[in-house]
Structures are given as C-alpha cells and as structure tokens.
Enquirer: 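Structure below; questions to follow.
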2 protein chains.
Amino acid sequence: MDQTETAPPPPRPAPKPAGKREQTKQQNRQIILDAARIVFAEHGYGATTVRDIIRATPLASGTFYNYFQSKEEVYQAMQDETALVIRPKLREAREKAGTVEEFISATFQTFFEFVLRDGVDVRAMRHNADTMRMRMDTPEVVAGFDELREDIEKAIARGLFPPVDADYLMAAIVGVAFEMSERMARRSEADAKAAADFATALFLGGIRSLPHTGNGKAADSGA
Amino acid sequence: MDQTETAPPPPRPAPKPAGKREQTKQQNRQIILDAARIVFAEHGYGATTVRDIIRATPLASGTFYNYFQSKEEVYQAMQDETALVIRPKLREAREKAGTVEEFISATFQTFFEFVLRDGVDVRAMRHNADTMRMRMDTPEVVAGFDELREDIEKAIARGLFPPVDADYLMAAIVGVAFEMSERMARRSEADAKAAADFATALFLGGIRSLPHTGNGKAADSGA
DNA sequence: CTAAGAAGTTGACGGGGCGTCACTGATCTG
DNA sequence: CAGATCAGTGACGCCCCGTCAACTTCTTAG
C-alpha cells in the first residue's frame with residue numbers, strides 16, 4: 001500500500017481547549033482511525049492486522065494501544081464515527097414528519113442517500129460486506145436504534161401511528177434498510193430514490209402497493 | 001442449479017462404499033462441528049481460537065486442518081448445516097402457497113418457528129448475536145436467498161404477486177426475518193406466532209394493518 | 001491371510017502477530 | 001528553570017497459526 005496522506009471522508013471534530021499535548025492526542029487518534037478506514041477498505045476486516053494499521057501511520061506499535069485495545073475496538077470506533085454523522089440527519093428528517101408517510105419516507109430516503117453519497121464508497125462497502133454487520137451493538141449505533149424506537153413511540157403517542165409493537169417495527173425498518181443497502185451496493189447503477197420508494201411503499205401499503213417493474217426482476221444486478 | 005446436459009464426463013462416484021475409514025472421517029468432521037458450536041456459543045466467535053475448538057475434541061491440532069482450513073470455514077460450515085435444515089422447510093411451506101398472503105405468512109411462520117424451536121437455543125443465539133450475520137455469503141445460505149428470490153419471481157410469473165423488484169423484496173423479507181429474530185431472542189417470552197403475524201401484516205398491508213398492542217411498546221423486552 | 005500401499009493422525013516446529021513495559025524525550029507546572 | 005507528568009518507542013516473550021515428516025490404521029490385491 002502506498003497511501004501516504006489520502007484524507008478519507010470522516011468529519012473533523014473542531015473545538016479544542018488545546019494544550020499541545022491534548023491536541024496531539026486527538027490528532028493521533030484520528031490518524032489511526034483514518035489509516036484503519038483505508039486498510040480495512042483495502043483488505044477487509046478479517047485480513048487486516050493491528051500491525052497493518054500501524055504501518056499505515058507514522059506511529060510506533062506501542063502507541064496504538066494508548067488509543068485502542070484491539071483491532072475490534074478501532075472498528076467499533078469507526079462505526080460510532082459513522083453513526084454520529086447519520087444520526088442527526090435521521091433525527092432531523094423524522095422530526096419534520098407530520099404523517100406516517102413522511103416519517104417512513106424521510107427515514108429511508110435519508111438512510112439510502114447517506115449510504116450512497118456520504119457513506120463509504122461502494123468499493124469499500126462491498127469489501128466490508130462481510131464485516132459491516134458484526135458487533136452492531138456499539139454505543140452510538142445502539143443509540144441510533146433506540147432513537148428510532150423512541151421516535152416511533154412518540155409518533156404513536158401523538159396518534160400518528162397506530163399503537164403497534166415499536167420494538168418490532170424498529171427492527172423491521174432497520175432490517176430492510178441494511179439488507180436493501182447491501183443489495184443496492186451490488187448493483188452497478190444504484191439509485192437511492194428508487195430504493196427508498198420501494199421500502200416506503202412496502203411499509204405504507206404492503207406488497208400490493210409496491211412500484212411495478214414490468215418483469216419482476218431487478219432492474220440491474222450489477223457486477 | 002439447472003444442469004444443462006452438457007457435462008457427462010465426470011464419473012459417478014455415486015454408491016457410498018462406507019468403509020470404516022470414510023465413516024470415521026464423517027464422525028470427525030461432525031465432532032469438530034459440534035465442538036465448534038459449543039465453543040462459539042460459550043465464548044463468541046471473535047474470542048475463540050482454532051486451538052480452543054481442537055481442545056474441545058479428542059483430536060490433534062493437525063487433524064483439524066484435514067477438515068477445515070480455518071476458524072472461519074468451520075463457522076461457515078455451521079451456517080451451511082443450519083441452512084440445509086431450514087431451506088427445505090421454507091421451500092415446502094412456500095410451495096403450498098396459492099396466494100400472496102399464504103406465501104408471506106408461511107415464510108415468516110416457518111422461519112420464526114425454526115429459530116425458536118429447532119434453532120440454536122436462545123442463550124447461544126444471544127452470545128452469537130455479534131457474529132451471526134457475518135459472512136452470510138456461504139454457498140448454502142446464498143442458495144437459500146436465491147431460492148426465495150426465484151420463488152418470488154415464479155409467483156410473479158403466475159400472477160400471484162404484482163411485478164415488483166424481486167431482488168429488493170427478497171432483501172426486505174430477509175432483513176425483517178433476521179432483525180426481528182434478534183429482537184425476539186432478547187425477549188424473555190418470545191412468541192414465534194406473534195412475530196410472524198406482525199411481519200406478515202406488515203408485508204401485506206403496511207404499517208396501518210399491523211396488529212395493535214394498546215400502548216405501542218413491546219410486550220416484553222427481556223433481560 | 002498377509003503384505004504393500006493408501007489414507008489419516010499426530011505433535012513438534014518455524015513464522016508471525018499480539019500486547020507489554022522499561023526507557024526516552026517532550027510538555028506542563030510551580 | 002527544574003522536577004513531575006505523560007505520551008511515544010520498539011524489542012521482547014507469549015501464544016496461535018498452519019505445516020510436515022514420521023507414524024498408525026485401514027484397504028485391497030494376490
């Protein structure tokens with residue numbers, strides 16, 4: 001690998017009270033996370049060693065363990081970083097919803113668009129397909145699930161939804177979102193809007209209200 | 001899959017000689033698989049080493065590699081074993097379906113009942129929750145997904161379903177089935193029928209047709 | 001039945017990644 | 001500015017991995 005300084009997507013945590021020491025610590029943590037993103041995307045989670053990550057940074061091996069306890073912990077930190085980006089988007093999208101239709105539509109639209117545009121690029125996604133589901137129970141990810149369930153419960157309390165099992169409904173939304181994302185990533189012409197329309201129609205009116213394709217096959221199943 | 005009759009040459013080793021040697025091989029393979037199931041359930045996938053599995057058998061370390069190439073391969077074999085049990089059940093259930101309702105209902109009913117009764121016990125399921133989704137692309141599991149998509153396409157061809165995107169619909173069913181299974185496993189009083197009714201109603205009529213609970217909370221979120 | 005060969009098992013071994021820790025140098029504090 | 005604190009460093013010991021030559025068990029031809 002010849003990556004020297006290819007800065008990846010994740011955002012910068014800006015405000016620091018800053019001693020020079022604290023500043024360096026934050027930087028190093030981010031350096032490790034950025035390197036990990038590249039290496040995981042390149043070789044996949046299983047094939048990556050902690051040493052691979054370290055070699056992709058200017059740091060020494062021991063330094064890694066000042067920041068993370070293991071490869072798994074870096075991966076979880078990456079997931080948390082991602083969750084922290086999409087959660088506010090989802091929250092905001094759902095807040096504006098005044099109807100079931102808007103609630104569901106906004107959720108899927110936001111999610112699929114994020115996966116396709118702001119998320120990791122498709123090549124990385126596919127390489128990570130084998131790992132992206134493991135340990136979904138990191139704090140920030142779980143918090144995202146909880147927020148969804150809370151929002152459903154609130155919507156029920158407001159009379160927006162019928163009084164259904166919010167936990168199962170949350171699970172169904174999450175399951176469809178993730179599983180469809182994986183299918184979407186395998187299509188050469190992925191279309192967030194079409195995917196969101198499909199999922200939204202399914203949740204609002206069931207199978208009979210799904211958009212028709214004319215032949216029942218996927219428009220494109222990609223390479 | 002569909003064998004076009006363009007491949008006659010490979011000689012048929014069809015009749016099983018079933019010598020003592022072959023018998024022992026089958027036994028050893030099963031011994032390893034059974035040990036792996038226990039060890040994975042006990043410590044989780046990530047924390048178990050190949051040596052742990054071997055230590056749980058009367059075999060030597062080298063023997064393991066006569067049967068599997070790695071820890072991952074044992075895990076995949078376990079998944080395949082499971083897939084081989086449930087796939088015929090699902091196929092049979094769907095074959096009898098004459099309507100969309102029956103198709104969907106039979107699928108979820110069969111799946112949730114299997115997970116709860118014939119599947120691994122809940123304790124093991126919860127311990128494996130972090131790993132059960134990884135590498136879902138083993139041959140038998142993928143074959144199960146393909147069968148579902150094929151059955152959907154057939155149903156569309158028969159006019160049973162509207163002509164929708166079969167790939168996305170398959171993904172949606174799979175996503176809901178697995179994600180709801182995980183939630184179900186976390187409830188102390190899991191009810192396959194209730195879960196199946198929920199999922200079936202969702203797919204047939206959307207959110208508004210879901211069974212009401214009276215408060216919108218889960219009946220029980222377990223320990 | 002027996003002996004040659006095939007098939008499978010064994011466990012020690014070289015290779016390598018893991019996590020640690022004593023040491024060093026940089027930053028902070030009084 | 002000196003002493004205290006803290007992060008960085010990289011060699012080290014540990015353990016796991018996958019292999020392989022020697023050994024044991026089974027099969028089969030005569």
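Keep in mind that the numbers below use all heavy atoms, side chains included, and drop hydrogens, waters and symmetry copies. The chains referred to below are lettered A, B, ... by the order of the sequence lines, with proteins before strands, and numbering in each begins at 1. For clarity, every value in this text was computed on a predicted model and none was experimentally measured.
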Enquirer: Quick one: A/Glu22 CD to D/dT5 P, roughly how many Å, whole number?
Expert: 18 Å

Enquirer: What is the distance from atom CG of B/Asp151 to atom CD of B/Glu153, rounded to the nearest 0.5 Å?
Expert: 9.5 Å

Enquirer: Scan B/Thr49 against the nucleic acid and name what it touches under 4.0 Å (heavy atoms): base, sugar-phosphate only, or nothing.
Expert: sugar-phosphate

Enquirer: Considering heavy-atom distances to DNA chain D, does B/Phe64 or B/Thr24 have its closest nucleotide positioned more toward the 5' end?
Expert: B/Phe64

Enquirer: Ignoring hydrogens and angles, state whether a donor on the side chain of B/Gln30 or B/Gln26 is under 3.5 Å from an acceptor on the partner side chain.
Expert: no

Enquirer: A/Tyr75 pairs by side chain to side chain contact (heavy atoms under 4.5 Å, CB included) with which of A/Gln79, A/Lys71, A/Glu73, A/Glu72?
Expert: A/Gln79

Enquirer: A/Tyr67 has a side chain; which of D/dC17, C/dG8, D/dG8 sits nearest to it?
Expert: D/dG8

Enquirer: Can you measure A/Lys25 atom NZ to D/dT5 atom C1' for me and round it to whole angstrom units?
Expert: 12 Å

Enquirer: Between C1' on C/dA26 and CD on A/Gln23, what's the gap in Å once rounded to a whole number?
Expert: 14 Å

Enquirer: Look at atom CD of B/Gln27 and say whether more than 12 heavy atoms of other residues, nucleotides or ligands are closer to it than 6.0 Å.
Expert: yes

Enquirer: Find the distance A/Glu72:CD to C/dG17:P and express it as a whole number of Å.
Expert: 20 Å

Enquirer: Just the rounded figure in Å: distance from C1' of C/dG8 to CZ of B/Arg29.
Expert: 16 Å

Enquirer: Between D/dA7 and A/Asn28, is there an OP1 or OP2 to side-chain N/O distance shorter than 4.0 Å?
Expert: no

Enquirer: Mind checking side-chain contact (heavy atoms from CB on, under 4.5 Å) for B/Ile86 and listing every partner two or more places apart, or none if nothing turns up?
Expert: B/Leu90, B/Phe111, B/Phe114

Enquirer: So if I apply the side chain to side chain contact (heavy atoms under 4.5 Å, CB included) rule between A/Phe64 and each of A/Val74, A/Asn28, A/Leu59, which one comes out positive?
Expert: A/Val74

Enquirer: Which of these passes side chain to side chain contact (heavy atoms under 4.5 Å, CB included) with A/Arg183: B/Val174, B/Asp167, B/Asp165?
Expert: B/Asp167

Enquirer: What are the atom names and distances for every N/O pair under 3.5 Å that joins the protein to nucleotides 23-25 of chain D?
Expert:
from	atom 1	to	atom 2	distance (Å)
D/dT25	O2	B/Arg21	NH2	2.6

Enquirer: State the CD1-CZ distance between B/Ile173 and B/Phe108, to the nearest 0.5 angstrom.
Expert: 5.5 Å

Enquirer: In whole angstrom, give the distance that lies between atom OH of B/Tyr65 and atom P of D/dA21.
Expert: 18 Å

Enquirer: Rounded to whole Å, how long is the line connecting atom CG of A/Asn66 with atom P of C/dC23?
Expert: 18 Å

Enquirer: In whole angstrom, what separates A/Ile32's CD1 from D/dT9's P?
Expert: 10 Å

Enquirer: For residues 51-61 of chain B, which residues have at least one heavy atom under 4.0 Å from DNA chain C?
Expert: B/Leu59, B/Ala60, B/Ser61

Enquirer: Hey, is B/Arg37 close enough to B/Asp34 for a salt bridge, meaning N to O under 4.0 Å?
Expert: no

Enquirer: Between C/dG19, D/dT9, D/dC17, which nucleotide gets closest to the side-chain atoms of A/Val50?
Expert: C/dG19

